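A note on names: the letters A, B, ... follow the listed sequences, proteins ahead of strands, and every chain is numbered from 1. No experiment lies behind these values; they were computed from the predicted model shown.
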Amino acid sequence: MASKAVYSRDPMLKKRDDFEDILEERRNSSDLRYALRCYAPVVYKGLCPSKAGTLKSMVLQSDQLHYVIHQVCRETGRAVDDVQEEVSSILEEMAHRLQLSTVRFFAFTLSKVFKTLFRSICVNEEGIQRLQQAIQEHPVVLLPSHRSYMDFLLMSYLLYTYDLALPVIAAGMDFMGMKFVGEMLRMSGAFFIRRSFGGDKLYWAVFSEYVKTMLKNGFAPVEFFLEGTRSRTSKSLTPKLGLLNIVMDPFFKGEVFDVSLVPVSISYERILEESLYARELLGVPKPKESTSGLIKARKVLSEDYGSIHVYFGQPVSVRSLAEGRVNRCQFNLIPRHIPKKPSEDIHSFVNDSAYRLVRAQEENMVLKPWVLLASLLLQNQVSGQKRGIALDELTEQAVWLRDLSRQYGAFLHWPEHTPPSEVVSSSLSLHRGLVRISEGRVQLALGQTGGPAAPGEPRSAVTPEEELLSQAVIILSCASYRNQALHVFLRPALLASAIHTASSNKKQEVFNSFSFLRNMFSNEFILCPGATVQDFEEACYLLVKTGALQVTQQDVLVTERGHRTLVFLTSMLDPFLQGYQVVCRFLCEEATEALTEKQFIPAVRKFIIKHLLAGRLRYTEVLSSDLQKNSLAALLRLGAVRKIKGAEQGTLKVNTVMVNSLEDTLGGKLPTQKAVIARL
Amino acid sequence: MASNSSGGSSDRQRIAQQRLRIIAGHLQRPVDGDSAILAAECKAQGSKPDTSREEKTVPRRRQEIMKWNGWGYSDSRFLFNKKGQAEFTGKRYRLSGMIIPGLKDWFECTFGASLQHKTPATPLLNSSAVQPPTLNEAFVEELKSTGIPFSQDAEDRVFRAHGHCLHEIFALREGKFGRVPDMVVWPNCHNDVVKIVELASKHNVCLIPYGGGTSVSSALECPPEETRSIVSLDTSQMNRILWVDEKNLTAHVEAGIVGQDLERLLNESGYCTGHEPDSMEFSSLGGWVATRASGMKKNIYGNIEDLVVHIKMVTPQGVIEKSCQGPRMSTGPDIHHFIMGSEGTLGVVTEVTMKIRPMPEYQKYGSVVFPNFEQGVACLREVARQRCAPASIRLMDNEQFKFGHALKPQVSSIFTSFLDGLKKFYITKFKGFDPNRLCVATLLFEGDREKVLQHEKQVYDIAAKFGGLAAGEDNGQRGYMLTFVIAYLRDLGMDYYVIGESFETSVPWDRVLDICRNVKARIVRECKERGVQFPPLSTCRVTQTYDAGACVYFYFAFNYRGLSDPVHVYEQVEHAAREEILANGGSLSHHHGVGKLRKEWMRETVSNVGMGMLKSVKDYVDPNNIFGNRNLL
């Protein structure tokens, strides 16, 4: 029925732009001249020219802020002057001070840094041209993916390089901790927002008005990260809606004709923070951002981080997105400056749009051959091959996977004219910290000699737990590369697992099972809300297209040659299945009455380590706190666990029967139907 | 409408003159007759020559002086002469007989049109292409016995089958006719109307009242699904001023009178109504009431709902009117408000008592140039806040300013052109206004001379605060002229592949700028998406100010070469523009009305309950849908 829609979305048919390496020119001409060159970007046609300073006064004089200030005064009995002063200081703390000289400074230094760190920085120039067009016509919002601290400096650097309007960037307050750097970032266009300001309506008013003012007047493109924070796992994070809501608001209220949203996908061949992230996920707390810490990070400068691909996606018009979805008349009856909670339809529209945008980011993410190798090596490691996999076998599997992923629409950057064996070996050598090759066999570098990813740690007298953790660092690092390709395989993998767990081949049953898994994992992966049927159809379409599946009116049958594909796909999802199961088991077996949300992660980690050491779990990956948090979020969403407010903050109340049945359903021990009923 | 500002006669002289005029008016009154006599005359009038008839503008056979497939008088039209210069024919208007040198360039540049590519209209009405009338014989027979004149002539019927929407005129130019009325009747007075409505109810005939025929809401289109005989009730012969009451400053007028006659006749007695919609040359008093019309000078005189004291309407249930002429009543919902805006769905307005005012002693045009539209709107808002709006104040955007400029007639003296050049230099170079952003407000002041001058100063002082520069009377006057000739200009465009139309809305002050920008942008975008090859003309002006908002008027036109169904494209774009207006907090209509063109949005505009109220009124007043034009609901 929806096959037409699926066809039109067939990723294989999508034409993607070519890339150009911007570092090439930097290697051949003066960085200084580059940093000092004439910079005259095109601007928004409706631009009201204003300086960073006048922006502040525009915000302070806005109707919205006036309203909220008086509201706060009425409610708290504070003097207007007093509140106004607070507003000024909030604004002072928040505002950027974008100035060209700082950007020029960064243009110079970053040129130097980038040239040492990276082989190339590739950008799709057609995307740049589209962006240039968009900037002239409507206010633009840049939405880059977030995998590294590097992202936002890189973005500004690129826009400077292409003579495009420099963005203002919403940055987390934690940067402010770095005294000098914080100010430097501020002067290159960053504005700072507190991580949480839930109930503070004054803060919210200042913040939203500040962003809207910049956007409406075309002061600069507004840039922020939909995912809210850097993804430590390289999986896209479920989008945060606050800022997206703010930038869409002027359109809803008719204050601008349209807003262009530009998803930008930044993919790193090797992530600078690789092992840092892995350790953070394992519970070694992240070091507070500090200037001295940054200087210590200098040793990263001596390593090879491969290339970066930046893909500027098709600008998405908020107007087109909202057509037929949002009735803008709802703002007709109340003055527009009075803040109002977004209505149900606006909220769901913003949510859907956010998912679509993150999906667009995912789809344009360039995948390197290493991503496929990491997937294969992880599966191989789990299957218990102590000696690893023969190099030529790995190459054969990689070529197979390359073809499969391309059929699924992956944006794979596999050098065309190089023999596959060379591609594989050069990928392996770039990631030599994670793999070990000996006697023509490849395996993850988990060896007893101590992973190179943990230098400086005492190597003597390693406890089994420490050894486990140091292996986990390697595995999680590796998994983060595999995760880059997850979105390509996700829907077919959910279907493969559904077929695996469903009790029969009946299409309806497989669908139920698929729907259950999809629902279960909707905090883990980017799955657009309400698109279950579409996702199911897409998965069927892809698996049928590749000959792995036969779908009739009633049944879903795995073909002879489809076996390999399905095994690969289910193995892809297995760590997650096991992770959710073990969290369930933990909650049933160990959770006490007084378990709080805060204690959850350490407790579940202890539980998992125990089981891993006892050999009762296959996947070291389940140690990832990201996975544990997501599974808890899923259980909370499904109502299997509830948060008790009051007494002790965030005590978790577990519905053992329900958690138990969810665990069994995940393991395929219980038919889906029952779990669904249990949920109700 | 001519300016009274010329001449240097002193106030005293003016007052004396005015008194004379008033006295003269008194003396003339027996000619106009009073209601008692007229009522007696009514029956026999068909055969008797009427002395006052000659002065009236609208004959029964309108096609004798008006175009059957375009706007206005047959003798007045724009054309490009052999030299390729635009000129306006006829003698009726200030612009008549003049060469307009700038129009050709503006026309070609704005629309990408060319004088080589013509799309002339079918010159003659082909009567055989008109459907033969569906007659209700019994109705016709009884009507004959009343002596009320009627006609089944194809030309008469076609003339009353349309208003002036683009699609209506476009079809006429191509010689295409849809469903047209089956006959036309010309009642002479209220009692005639009562008889016609009684007969129509008795024989189940569909009646469509017809006043000036200037509708732009498809209100006059005959519903194609109507199977009964359709009779167009043309009120044009009910055009007398029945009495003038100077003590209370009211006049009782038959509803068929057209605006220009009403003003001219009242002026003869030294009075005016001050109600001047842009269509006042042709639109009728009854039409104003039925559509809730608005006049250019409403700031002094008010809109039609403020001007009306008493209304008489004939419905299938009988005549509705109030029992007295009290200036305000608290007697439940005002029944006038069921009548005003009923768009011919409930009955025929036959007589109206209207407020009148002594003619203003002094009139003065003016104009102000602003560096940009935003400043202009801010100024209008301030003027409204201080409640010191002149009789009329309008703000044109940059495109319309250029349009107005292109309509400047050839200047006769080198001195004027030198002055123009100097003015332009001063504004753009010395004051630094960007010629592609500046916009102009046109003003019309009215009242006694001293007060006008005082008022003028007040308004110019406010304008100065928003960067406005006084730009002379001439510019102001030309701005108002534009509104009378714009409809003629559309006919010129249609000769050269250009189609267009205007539409309006009212909107709160804080939304004015947003709605102007968004609607204009929407039009441009929709045109592009629908394959229009050249960017359209998409322009607006703020034409009225109120305490809580303003009326905004949009012009939209494009070159349709290369489009297979231009009218359809036009309609889609207009539809999208209306959606945009509603989404930006604008109203469905400020004064054009709903008709059939905007019916689809009525429910969301007035809510379900509101619709129910209107429907139940219709069901009571006209249960058999005699007034079956199907407007509004």
Item to check | Heavy-atom contact with chain B under 4.5 Å, split by part of A:D258 | outcome: side chain
Checklist entry - Which class fits the ring pair A:H96 and A:F191: parallel under 30°, tilted 30 to 60°, perpendicular over 60°? => result tilted
Item to check | Any side-chain donor near an acceptor of the partner, A:K253 and B:N584, under 3.5 Å | outcome: no
Checklist entry - Between B:Y560 and B:H568, does the ring centroid distance fall short of 6.0 Å? => result no
Checklist entry - Out of B:E374, B:E604, B:E580, B:E579, which one racks up the most heavy-atom pairs below 4.5 Å with chain A? => result B:E580
Checklist entry - Which atoms of A:V326 come close to chain B, meaning under 4.5 Å heavy atom to heavy atom: side chain ones, backbone ones, both, or neither? => result neither
Next on the checklist: Taking side chain as everything from C-beta outward and backbone as N, CA, C, O, which of these in B:R525 sits under 4.5 Å from a heavy atom of chain A? Side chain, backbone, both or neither.
Outcome noted: side chain
Item to check | B:H337 atom NE2: more than 12 heavy-atom contacts under 6.0 Å | outcome: yes
